[in-house]
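Counting starts at 1 for both ligands and their atoms, in listed order.
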Amino acid sequence: MGAKRSVSDLKEADLKGKRVFVRVDLNVPLDDNLKITDDTRVRAAVPTIKYLMQHGAKVILSSHLGRPKGVTPKYSLKPLVPRLSELLGVEVCSSVKMADDCIGEEVQKLVATIPDGGVLLLENVRFYKEEEKNDPEFAKKLALLADLYVNDAFGTAHRAHASTEGVAKYLKPSVAGFLMQKELDYLVGAVSNPKKPFAAIVGGSKVSSKIGVIESLLEKVDILLLGGGMIFTFYKAQGHSVGSSLVEEDKLELATTLIEKAKAKGVSLLLPTDVVIADKFAADANSKLVPATAIPDGWMGLDIGPDAIKTFSEALDTTKTVIWNGPMGVFEFEKFAVGTESIAKKLAALSGKGVTTIIGGGDSVAAVEKAGLADKMSHISTGGGASLELLEGKTLPGVLALDDA
Ligand SMILES: Nc1ncnc2c1ncn2[C@@H]1O[C@H](COP(=O)(O)OP(=O)(O)O)[C@@H](O)[C@H]1O
Ligand SMILES: O=C(OP(=O)(O)O)[C@H](O)COP(=O)(O)O
């Protein structure tokens, strides 16, 4: 996938008075009172919107929220309007309006009222099943609203949907927004051309969900640190007792192959030497520390131990680029969050010393945010699934559809 045209290539002459369809990812968590509990994605969408506003464009924002089946009030994007208005600045608040739909005559009428530099937020594009089917007729109806297209929805760029892929065929130019560009710069740029030594930390629950990432990273990294639930499949494959830890029996052979591949490629693959085990999968479980290779029956490994943290930290001290995907333990339970928190702290400290630190989406981001260290990292991805697919070396349809640079 070559470089894509960016919104920064569009100047005042290209934008003034133009209707710009901007696909953003405003799929944020809402509580029972429809309050936003994490506005990271809203904040991340702001630079592109502001740029377009400042250059006199009429900004039409489109996003999905959740996975609704048809029109579902709890998945309306209306709760996003106040925060979006706040972030875009008081003088433009009045121009953030809400269409009750995302296509059709009424929406077209509303679009016609957007002043230059104004913003309109369309209703959840997934209220139409045609969105996820990438229906060309639906994409044409979206395209009818605008003159050009900006895709800044990195978190949804792995979906070939009408608003992320189909619509790009009918609107030209079709360009990447600033967030999309930044995500690609870090997750493709820094990873394919990293300052070396380059380390990857891969954790999370299952080997099966990370095979692609591990295989792809083995081609690039000098050091690979493995943590989380997946390590027990590796230990079992090596003949160790893992008690009732998470194991994927059908992935034992694969785990052995991955260890051999790392050896053949000269990648230093480190597994935790000690683990914190629990007598049940619960926040209030009894716990103790044991060597990772000697977990007693009836106990399960839920976190990496202090010795592993020390070994991992020392290995990371030698690096210039680190990418992290997946927690080191069940960080949702306080007792088993130490490994994940320690790695987050280590990466924050390394960032301070000029090491490029990239957090590849999903639960690892939640863990870094929980530790209050998000602003210390070089880059935190806004996409879980999308960043995984990129790290696996896949091409994202939402990016592929954009104009080449
Ligand atoms: N030792 C473990 N045993 C069981 N589950 C684990 C263990 N370590 C981590 N996990 C779980 O893995 C989940 C995250 O896995 P995954 O979705 O693969 O990560 P990510 O979202 O970062 O890609 C977390 O919910 C965490 O509780
Ligand atoms: O939250 C998202 O993905 P993520 O949880 O993998 O980061 C995106 O908004 C995509 O949503 P989807 O997985 O319903 O297509």
I want to check something: taking the side chain as every heavy atom from C-beta on, are [X] and [Y] in contact at a cut-off of under 4.5 Å?
X: T382; Y: L179; value: yes
X: F336; Y: V275; value: no
X: V42; Y: V24; value: no
X: L388; Y: L390; value: no
X: V150; Y: T48; value: yes

Contacting atoms of ligand 1, where contact means under 4.0 angstrom from a heavy atom of [X]:
X: F232; result: 1 (N)
X: G326; result: 19 (O), 22 (O)
X: N325; result: 23 (O)

Tell me whether [X] is salt-bridged to [Y], with the criterion being a basic N under 4.0 Å from an acidic carboxylate O.
X: R159; Y: E165; answer: no
X: K133; Y: E130; answer: no
X: D317; Y: K346; answer: yes
X: K265; Y: E219; answer: yes
X: K4; Y: D403; answer: no

Students should be able to answer this: which protein heavy-atom is nearest to [atom], and at what distance?
atom: atom 5 (N) of ligand 1; value: V330 CG2, 3.7 Å
atom: atom 15 (O) of ligand 1; value: S205 N, 3.1 Å
atom: atom 7 (C) of ligand 1; value: G229 N, 3.2 Å
atom: atom 24 (C) of ligand 1; value: E332 OE2, 3.3 Å
atom: atom 13 (C) of ligand 1; value: D363 OD2, 3.6 Å

> Considering residues, nucleotides and ligands other than K74, do more than 12 of their heavy atoms fall under 6.0 Å from its NZ?
Replying inline: no
Any nitrogen or oxygen of [X], main chain or side chain, under 3.5 Å from a nitrogen or oxygen of ligand 1?
X: D303; value: no
X: K210; value: yes
X: L388; value: no

>> Tell me the contacting part of F336 for ligand 1: side chain, backbone, both, or neither, using a 4.0 Å heavy-atom threshold, strictly below.
In response: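 The answer is neither.
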>> Can you list everything that forms a ring pair (Phe, Tyr, Trp, His ring centres under 6.0 Å) with F127? Sequence neighbours excluded, please.
In response: none
>> Using heavy-atom distances only, which candidate in G301, S364, A278 approaches atom 1 (N) of ligand 1 most closely?
In response: G301
> Got the residues with a heavy atom under 4.0 Å of ligand 2, by chain and number?
Replying inline: D25, N27, R41, H64, R67, R126, G155, T156, R159, G383, G384, G385
